**Student:** 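This is the structure I want to talk about, given as structure tokens.
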Amino acid sequence: MIKRYVFGEPIGTDAVICEISISTDEINELRYSDGSFSYDMSEDTKVYGLGEANRGINKRGYRYVSFCSDEPSHTEDKESLYGAHNFIIIEDKEIFGVFFDNPGKVTFDIGYEDINKIVITPKYPDMNVYIVNGDDILDIVRQFRKLIGKSYVAPKWAFGFGQCRWSYETSDRIDEVIKGYEENDMLISSVYMDIDYMERYKDFTVSDERFPNFKEFVSKVRNEGIRLVPIIDAGVKIENGYDVYEEGVNNNYFVKDKDGNDYVTAVWPGYTHFPDFLNKEARQWFGDKYKILLDEGIEGFWNDMNEPAIFYSKNKLEEIKKSLSEIDIENDDDKLLDIKWKFNELANNGDDYNAMYHNIDGKVVNHDRVHNLYGYNMSRAAGEAFEKLSPDKKILMFSRSSYIGMHRYSGIWMGDNCSWWSHILLNLKMLPSLNMCGFLYIGADVGGFGSNATEDLVMRWMALGVFTPLFRNHSALGTRNQECYQFTRTKDFKNIIDVRYRLLPFIYDEYMKAVQNDDMMFRPLAFEYSEDKMAIEIEDQLMLGENVMIAPVYTQNVTGRYVYLPENMTFVKFVKDGEIVTEKLDKGVHYVNVELNEVPLFIREGKKIKVVKHSVITDNNLRKEIMECSIEYKEEDFEYIG
Ligand code: MIG
């Protein structure tokens with residue numbers, strides 16, 4: 001049962017697809033006063049949700065702020081990441097879900113100021129609030145997911161393994177990467193193109209110099225079984241003669257300042273304007289631009305910098321320039337320090353968000369009020385266009401910034417994590433929370449984006465990545481190379497990638513089931529074994545579908561880990577050379593041995609999963625079809641384990 005309450009005059013978000021009549025009763029589940037919602041927790045209260053958010057699966061004990069942010073350092077103290085997913089489930093003696101459909105900043109204090117209190121405070125009061133009641137957590141999730149509509153379905157090839165780096169800046173570099181994989185007999189389905197493929201970071205251009213005969217190149221790579229997936233950034237370069245810029249200016253498709261001038265920010269291309277994705281016509285216009293790359297044979301995209309991220313704005317630079325001109329640089333120490341801070345605060349400055357305006361159905365709306373819808377509508381622009389431009393062929397898309405509703409058009413990646421062991425665990429913890437909010441095509445930068453990776457870290461991370469729908473190794477400019485062939489134990493990496501392709505039919509099935517049934521592909525043990533005191537506290541193991549539990553190793557210099565089995569299970573290990581070893585284990589705590597080159601999983605008693613036989617996955621005649629994920633396996637190609 002879902003009840004809807006309206007506060008003030010909500011701005012339409014299109015997060016919800018069902019018409020729910022407005023309830024005029026008071027909300028029983030939460031207290032509302034002075035613009036905040038509150039709830040008194042008991043010792044046992046647990047709080048789940050918030051999608052792509054920091055810290056635990058149980059969100060209790062910290063403060064989270066829904067405000068889409070370009071946050072490249074995911075340390076424990078960070079309150080905002082790239083997404084805004086305002087759905088939580090509170091589980092006490094009673095249990096209910098609540099969705100705050102508010103596109104401005106919303107603060108979730110979940111036992112932060114007062115360990116026993118939840119206080120949720122929106123910056124702007126106007127919104128719809130949905131309360132979801134149900135039999136249990138999974139029922140509540142399903143009802144919520146029905147409310148927000150079916151999740152995006154990625155093409156099958158997007159379940160293969162992908163390699164990215166900032167940047168492979170020429171077609172030769174991409175060839176080198178492909179060769180690196182091929183020479184080591186490793187399978188790969190996609191190579192990603194980061195910003196340097198463009199001509200001076202201009203969206204929908206391809207550098208002729210670095211990618212001559214692009215169309216031919218795309219098709220050559222495609223013939224090897226591999227798709228190229230370019231990045232698209234939100235900001236459009238200001239440059240006379242650049243059609244995207246000129247069309248945007250001429251049609252008023254860009255975000256404005258308060259006087260109606262196109263707002264000037266700067267991102268990678270230098271000075272830019274932001275397309276007004278909240279304006280329907282602008283959205284359609286920008287979406288249609290993707291055709292330029294579809295026509296080159298491209299079948300997938302990742303949308304970046306769409307919080308939107310701002311390096312600096314012209315306004316803010318002018319402020320600094322003025323301050324500088326007014327001071328005596330020999331004597332005004334204090335004022336100089338002030339200016340130093342001003343420089344530090346140029347990026348993603350709230351003043352810029354306050355100074356930008358959208359045109360929503362003819363109404364001028366301040367950006368800050370709708371900030372969290374920006375990335376969502378960038379991907380929606382593309383998603384709506386793909387429905388027209390490519391009705392028969394699914395296009396891959398995932399976005400950095402998001403809001404609930406975007407899950408119908410696109411997946412997400414978890415942004416700029418680091419090559420830290422703790423981020424393997426953070427990757428795991430985000431999976432179920434994102435699933436609750438409708439995001440199913442998801443994954444993190446495997447191996448870590450920032451910082452230097454080590455071989456063991458990448459290998460352990462890959463052993464988690466084999467289970468996530470998006471399985472992409474990605475790393476930042478200036479960090480150590482971390483493609484699987486860059487390390488010494490290439491045979492072990494090959495073996496782990498093989499495991500992904502052997503599990504692909506299973507993983508794809510689980511994903512499709514979750515889409516069709518509005519279900520979670522990844523569930524915390526607490527959702528499945530809610531009566532089991534031990535299971536409900538476990539945050540480093542997850543259920544994958546109905547029959548499997550995963551428990552990756554996420555610490556360094558170990559030969560295994562402790563796991564808790566909430567029931568009897570079969571411990572399965574994919575070990576070197578394609579062998580699979582199984583062992584029946586009883587309910588309880590076990591230390592399981594997992595070597596660096598092994599992939600562990602657990603199967604519930606009496607259940608089996610299907611795995612492609614090693615001999616099939618390593619058959620060179622099938623290599624291309626396997627990489628394309630287009631292969632139709634025959635029954636005898638599978639073995640059943642459990
Ligand atoms: O300011 O395009 O999260 O995946 O490699 C950094 C360069 C911009 C941030 C993305 C990352 C990407 C990088 N981008």
Side-chain angles (χ1 to χ4, degrees), residues 52 54 68-74 78 80-83 162-170 173-174 177 190-207 210-211 228-237 265-272 274 293 300-313 346-349 352 374-375 378-379 396-402 410-420 423 426-427 430 442-453 461 465 468 470-483:
E52 183 189 41
N54 213 346
C68 297
S69 302
D70 173 14
E71 173 51 75
S73 175
H74 308 173
K78 296 296 156 51
S80 304
L81 297 175
Y82 313 88
Q163 180 64 55
C164 186
R165 182 170 172 87
W166 179 19
S167 266
Y168 303 130
E169 65 286 285
T170 61
R173 280 286 285 134
I174 289 181
V177 173
S190 51
V191 177
Y192 288 76
M193 299 168 68
D194 209 319
I195 46 176
D196 300 286
Y197 78 86
M198 293 182 249
E199 192 195 307
R200 276 168 297 130
Y201 306 122
K202 288 188 293 184
D203 279 341
F204 311 111
T205 67
V206 178
S207 161
R210 279 168 284 122
F211 287 87
L228 294 176
V229 184
I231 195 171
I232 305 289
D233 276 7
V236 170
K237 183 174 177 60
T265 50
V267 208
W268 290 109
Y271 281 129
T272 46
F274 286 128
L293 290 159
F301 301 89
W302 46 310
N303 292 334
D304 191 19
M305 305 299 272
N306 50 3
E307 292 69 30
I310 299 174
F311 290 170
Y312 51 89
S313 70
L346 275 177
N348 308 319
N349 193 296
D352 289 316
Y374 193 73
M378 176 182 184
S379 298
L396 169 64
M397 176 169 56
F398 52 91
S399 173
R400 196 170 70 175
S401 187
S402 59
S410 167
I412 68 157
W413 91 100
M414 296 169 185
D416 299 347
N417 58 12
C418 279
S419 299
W420 299 341
H423 278 184
L426 186 61
N427 177 174
M430 280 185 190
I442 54 179
D445 290 349
V446 169
F449 178 73
S451 312
N452 292 325
W461 208 325
T468 62
L470 168 63
F471 179 25
R472 180 182 78 151
N473 176 326
H474 181 34
S475 57
L477 191 70
T479 62
R480 186 177 183 188
N481 293 327
Q482 65 184 45
E483 295 83 6

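All values below come from the heavy atoms of this structure, side chains included, with hydrogens, waters and symmetry mates left out. Note that the structure is predicted; figures quoted are calculated from it, not measured. When a ligand or atom number is given, it counts from 1 through the structure's own listing order.
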**Student:** When H474 is tested against each of W302, W166, Y192, W413 for ring pair (Phe, Tyr, Trp, His ring centres under 6.0 Å), which residue passes?
**Tutor:**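 By the ring pair (Phe, Tyr, Trp, His ring centres under 6.0 Å) criterion, H474 pairs with just one of W302, W166, Y192, W413: W302.
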
**Student:** Look at the aromatic rings of Y201 and W268 and report parallel, tilted or perpendicular, splitting at 30° and 60°.
**Tutor:**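 Y201 and W268: tilted rings.
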
**Student:** Whether the N306 and S399 side chains hold a donor-acceptor pair (N or O, under 3.5 Å, no angle test) is what I'd like checked.
**Tutor:**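 S399 and N306 do have a side-chain donor-acceptor pair below 3.5 Å.
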
**Student:** Which of these passes side-chain hydrogen bond (donor to acceptor under 3.5 Å, both in side chains) with R400: D233, D304, N303?
**Tutor:**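 With R400 as partner, side-chain hydrogen bond (donor to acceptor under 3.5 Å, both in side chains) holds for just one option, D304.
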
**Student:** Classify the ring geometry between H74 and Y82 as parallel (under 30°), tilted (30 to 60°) or perpendicular (over 60°).
**Tutor:**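 Perpendicular: the ring planes of H74 and Y82 meet at over 60°.
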
**Student:** Tell me which residues fall inside the under-4.0 Å heavy-atom shell around ligand 1.
**Tutor:**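 Its neighbours under 4.0 Å (heavy atoms only) are W166, D194, I195, I231, W268, W302, D304, M305, R400, W413, D416, F449, H474, given by chain and number.
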
**Student:** Any chance the side chains of S313 and T265 put a donor and an acceptor closer than 3.5 Å?
**Tutor:**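 No, no side-chain donor-acceptor contact under 3.5 Å.
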
